[in-house]
Amino acid sequence: MIVTVNGTEREFADGATVADVLAALAVPGSGIAVALDGEVVPRAAHGSTAVPAGAALEVLTAVQGG
């Protein structure tokens, strides 16, 4: 299935979860925020939230400083 991640189309296995996508992208498990089709996905739900085909996933990295 095709999913748009941070504006780039990528292919993942059908039924992939947010955690599967993050692992495939080698994104660290902490210090990030994830939005699926504009809705924030809590970290505790990454493993149980399926990413549907055609979805838009945004992965944001926390930045310190002012």
Side-chain angles (χ1 to χ4, degrees):
M1 73 177 169
I2 300 296
V3 175
T4 302
V5 180
N6 291 354
T8 302
E9 288 187 348
R10 297 177 176 265
E11 187 165 351
F12 298 96
D14 289 341
T17 65
V18 170
D20 294 332
V21 171
L22 295 176
L25 298 173
V27 174
S30 62
I32 61 165
V34 177
L36 178 61
D37 289 332
E39 297 290 327
V40 174
V41 180
R43 188 168 140 184
H46 288 182
S48 60
T49 301
V51 179
L57 195 71
E58 296 292 329
V59 181
L60 307 170
T61 303
V63 177
Q64 293 182 333

* Asked: What pairs of residues pass the side chain to side chain donor-acceptor pair (under 3.5 Å) test when at least one of them lies in residues 48-61, not counting sequence neighbours?
  -> none
Atom pairs and distances, donor-acceptor, side-chain atoms in residues 36-46, under 3.5 Å, two or more places apart:
{"from": "D37", "atom 1": "OD1", "to": "A56", "atom 2": "N", "distance (Å)": "2.8"}
{"from": "R43", "atom 1": "NE", "to": "G29", "atom 2": "O", "distance (Å)": "3.4"}
{"from": "H46", "atom 1": "NE2", "to": "V41", "atom 2": "O", "distance (Å)": "3.3"}

* Asked: Given the rule that I, L, V, M, F, W and Y join up when any side-chain heavy atoms are under 4.5 Å apart, are L60 and V3 in one cluster?
  -> no
* Asked: Looking at side-chain heavy atoms only, is the closest gap between I32 and V27 below 4.5 Å?
  -> yes
* **Derivation and outcome, side chain to side chain contact (heavy atoms under 4.5 Å, CB included), residues L22 and V34** => CA-CA 9 Å; L22 295 176; V34 177; 4.1 Å; yes
Anything under 3.5 Å between a donor and an acceptor, one on a side chain of residues 8-19, the other on a protein residue two or more places apart or in another chain? List them.
{"from": "T17", "atom 1": "OG1", "to": "A19", "atom 2": "N", "distance (Å)": "3.4"}
{"from": "T17", "atom 1": "OG1", "to": "D20", "atom 2": "N", "distance (Å)": "3.1"}
{"from": "T17", "atom 1": "OG1", "to": "D20", "atom 2": "OD2", "distance (Å)": "3.2"}

